[in-house]
Amino acid sequence: MTYQAPVNDILAALKCAGALDPAMMNGAAEGLDEATIRAILEEAGKFGAEVLDPLNRIGDRTGSRLENGRVVTPPGWAEAYRQFVNAGWSALPCPIEYGGQGLPSTVAMGVCEIWNAANIAFGMCPLLTNGAIDSIFIGGSDELKSRYLPRMISGEWTGTMNLTEPQAGSDLNGITTRAMPTGDGTYRITGTKIYISYGEHEMTENIIHLVLARLPDAPPGTRGISLFLVPKVLVNDDGSLGARNDVVCAGLEHKMGIIASPTCVMKFGERGGAVGYLVGEENRGLNTMFIMMNAARLAVGVQGVAVAERATQRALAFARERRQGRAAAGNGGGMAPIIQHPDIRRILLTMQVLTKAARGICMATAAAADLAHHANDPSLREKAAGRVALLTPIAKAFSTDAAVEAASLGIQVHGGMGFIEETGAAQHLRDARILPIYEGTNGIQAIDLVMRKLPLSAGAVLKTYLGEVEATIEAIESRSAEGLRGIAEPLGDALVALRRASQWMGQAIPAEPEAALAGATPYCKLFGIVAGGDALAKAALSAGGEFNKTELLRFYADSISVTAPGLARTVMEGARSVLDANLGVPA
Ligand SMILES: Cc1cc2nc3c(=O)[nH]c(=O)nc-3n(C[C@H](O)[C@H](O)[C@H](O)COP(=O)(O)OP(=O)(O)OC[C@H]3O[C@@H](n4cnc5c(N)ncnc54)[C@H](O)[C@@H]3O)c2cc1C
């Protein structure tokens, strides 16, 4: 079943998020009218369907393999990368001054969804390169920027993010990779990083690693971590490639999903130290990384949207063809297509609303990120930055959980065939399962939301957001003529539940932090349900009561918003059962 980019849906989500208002974008959206964005998305859709999608199964079956230190990507991968770069896709979201096209985050996220839906294992490569580009752009010296950015943005070189070590995953305090200053302005890096996506491959001549490491006199903990640029091949002053740097891929992980994406064990400094260049200030590497990580977390949320969309498309196509059982409505003899069975309809609708709600949340976050960068008015920029901070953990956690759920439901629609690899449905679940884990597990997102985001501006960021959700629900209520009216009640109940749970959190965080942490994940889910309802409500409102959008909102309200009060109860009353249970914690 071929992937078809949902251009209309992406465009609608973009518009609902208010992303096409050039008046607020200080020139950054010049010439970007709806027709242009549609043309970009359609071109991306064509590339996704014609070039990336056909490699998806091949990549899943073949995987990447390590041969004498070289990573061999699956057949067709290097050629697809060459075409990707030649078509200019790598430069889309990147800064104009270094050769990028400077397109807004909303458009970039729309296109990112398409790459990852067509072939997520391929999509990982540009996603990580963009993260590395962002970090160098934010923290690098002018010299580093002019030497590395143009060739990363053009796609001539790719980039990686080297954070994780065996003893330092969620908690980067434990990083032990060392950086010794040499006195000539460079550093020598030694240490081992694990799980590094696209840490080694031969699709490009060079790979630019961004590596977190400690200086010898660094203070302990996260305040003693610095960020270094470590090229695979050293770059001479005239821009030509020089000697191979002291960094190698020592192994490839065997994984459950995204099998073609090489996940590498990287060894730095086995022959005396890899040459590294400081990005930003010494001991302040995490600050740079965290700015970049917001963008990367949103991008992983978009990967979730992508897999959920793909699984939904596949399940819908199957359910229209597969005949089994008689339709309960009983229209004639013979077997009915399973799409007629109420239970299958419920599953398909669940997949659809989860996908669209996730897309709406991600687009709202991307639109706020664009405003935070470009708005003319500084107070608008500040407000938008608060919104990005608040919504990023929701965009990441809700969308990636949605991907796993949609992919699992997609298998259910296929029945036994879903469990058989040929169908392709199983691959979506295997691919989706990493999404709630990397780029900060969803448990860590929930803790970030509760401990850092709720208290932002003494709770004002949250309050403003909830006020806007309330206004959306009121707008739904007032549109009785369009059949939207009855939908407002469950949406409103969910908002009340979130407000109560937020108030409880506000008291629990200082008084009983353990209880607040015990409720963090259900709180994050509850928040996602409300934010998803807001996204679908805005879609229904902007479609002027269009039947399909109204029906999807009604289904969401009836079957997903209604679970919100239960989650609020778990947040507020469930902590003791978590904390008091005897799980045999080691002394
Ligand atoms: C396929 C793949 C690709 C990856 N790509 C990259 C990459 O390119 N670059 C890179 O640097 N890393 C990469 N990673 C690493 C990934 O980001 C980490 O696996 C992830 O951050 C989790 O760290 P961990 O595996 O050490 O789990 P741990 O940190 O050991 O966590 C285990 C469990 O404990 C929970 N937990 C941990 N601490 C807390 C806490 N304080 N409170 C509550 N719960 C907690 C976690 O939520 C999780 O459920 C990749 C991983 C994989 C599998």
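Counting starts at 1 for both ligands and their atoms, following the listed order. Basis for what follows: all heavy atoms, side chains included, without hydrogens, waters or symmetry-related copies.
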Chemist: Counting only nitrogen or oxygen atoms and a 3.5 angstrom limit, does N162 reach ligand 1?
Modeler: no
Chemist: Look at the aromatic rings of W89 and W115 and report parallel, tilted or perpendicular, splitting at 30° and 60°.
Modeler: perpendicular
Chemist: Please check: side-chain N/O of Y81 versus main-chain N/O of G155, any donor-acceptor pairing under 3.5 Å?
Modeler: yes
Chemist: N/O to N/O below 3.5 Å, does that happen between L128 and ligand 1?
Modeler: no
Chemist: Under 4.0 Å from a heavy atom of K255: give me the atoms of ligand 1 that qualify, with their elements.
Modeler: 1 (C)
Chemist: Side chain, backbone, both or neither: which applies to E439 and ligand 1 if a contact is any heavy-atom pair less than 4.0 Å apart?
Modeler: backbone
Chemist: Looking only at protein heavy atoms, which one is nearest to atom 26 (O) of ligand 1, and how far off is it?
Modeler: G169 CA, 3.2 Å
Chemist: Please answer whether the main-chain N or O of A274 pairs with a side-chain N or O of N245 as donor and acceptor at a distance below 3.5 Å.
Modeler: no
Chemist: Taking NZ in K525 as the centre, count heavy atoms belonging to other residues, nucleotides or ligands within less than 6.0 Å. Is the count above 12?
Modeler: no
Chemist: Just which atoms of ligand 1 are under 4.0 Å from any heavy atom in I434?
Modeler: 1 (C), 2 (C), 52 (C), 53 (C)
Chemist: Hey, which of V247, L163, T177, T160 is the one that makes side chain to side chain contact (heavy atoms under 4.5 Å, CB included) with K193?
Modeler: T177
Chemist: Between D246 and G272, is there a donor-acceptor pair closer than 3.5 Å when you use the side chain of the first and the backbone of the second?
Modeler: yes
Chemist: For D171, is at least one N or O under 3.5 Å away from an N or O on ligand 1?
Modeler: no
Chemist: Closer than 4.0 angstrom, basic N to acidic O: yes or no for R151 and E205?
Modeler: no
Chemist: Should one rank A520, S170, P262, A518 by closest heavy-atom distance to atom 27 (O) of ligand 1, which comes out on top?
Modeler: S170
Chemist: Of the options Y277, Y98, F137, which is the one that meets Y148 in a side chain to side chain contact (heavy atoms under 4.5 Å, CB included)?
Modeler: Y277
Chemist: Tell me whether atom 52 (C) of ligand 1 lies less than 4.0 Å from at least one protein heavy-atom position.
Modeler: yes
Chemist: As a test of the contact definition, would atom 17 (O) of ligand 1 count as having a protein heavy-atom neighbour under 4.0 Å?
Modeler: yes
Chemist: Please determine whether a side-chain nitrogen of the Lys or Arg among K396 and E439 lies less than 4.0 Å from a carboxylate oxygen of the Asp or Glu.
Modeler: no
Chemist: Measure the distance from atom 41 (N) of ligand 1 to every protein heavy atom, then report the residue, atom name and distance (to 0.1 Å) of the closest one.
Modeler: I444 CD1, 4.4 Å
Chemist: Please list the nearest protein heavy atom to atom 10 (C) of ligand 1 with its residue and the distance rounded to 0.1 Å.
Modeler: T164 OG1, 3.3 Å
Chemist: For Y438, counting its heavy atoms only, list the atoms of ligand 1 lying under 4.0 Å from any of them.
Modeler: 2 (C), 3 (C), 4 (C), 16 (C), 17 (O)
Chemist: When you measure from atom 32 (C) of ligand 1 to the protein, is at least one non-hydrogen atom found at a distance under 4.0 Å?
Modeler: no
Chemist: Determine whether V72 and E202 make a side-chain contact, defined as any pair of heavy atoms from C-beta on separated by less than 4.5 Å.
Modeler: no
Chemist: Here's a test for you: under side chain to side chain donor-acceptor pair (under 3.5 Å), which of R314, R310, R433 qualifies with H428?
Modeler: R314
Chemist: Might you check, step by step, whether the distance between atom 13 (C) of ligand 1 and some protein heavy atom is under 4.0 Å?
Modeler: yes
Chemist: If we count only N and O atoms by modelled type, under 3.5 Å, do the side chains of Y523 and S502 hold a donor and an acceptor together?
Modeler: yes
Chemist: Decide whether an N or O pair under 3.5 Å exists between T441 and ligand 1.
Modeler: yes
Chemist: Which protein heavy atom lies closest to atom 25 (O) of ligand 1, and at what distance to 0.1 Å?
Modeler: Y195 CE1, 4.0 Å
Chemist: Touching ligand 1 at all, I447? Heavy atoms, strictly under 4.0 Å?
Modeler: yes
Chemist: Mind checking whether T263 has an N or O less than 3.5 Å away from an N or O of ligand 1?
Modeler: no
Chemist: Would you check whether I194 has a nitrogen or oxygen atom less than 3.5 angstrom from a nitrogen or oxygen atom of ligand 1?
Modeler: no
Chemist: Does the distance from a Lys or Arg side-chain N to an Asp or Glu carboxylate O, for K232 and E200, drop under 4.0 Å?
Modeler: yes
Chemist: Is a side-chain N or O of S197 found less than 3.5 angstrom from the main chain of T263, in a donor-acceptor match?
Modeler: no
Chemist: At a 4.0 Å threshold, what atoms of ligand 1 neighbour a non-hydrogen atom of M161?
Modeler: 7 (C), 8 (O), 9 (N), 10 (C), 11 (O)
Chemist: Could you identify the single nearest non-hydrogen protein atom to atom 8 (O) of ligand 1 and state the distance to 0.1 Å?
Modeler: S197 N, 3.0 Å
Chemist: Heavy-atom contacts with I437 under 4.0 Å: which atoms of ligand 1 show up? List them by number with element.
Modeler: 20 (C)
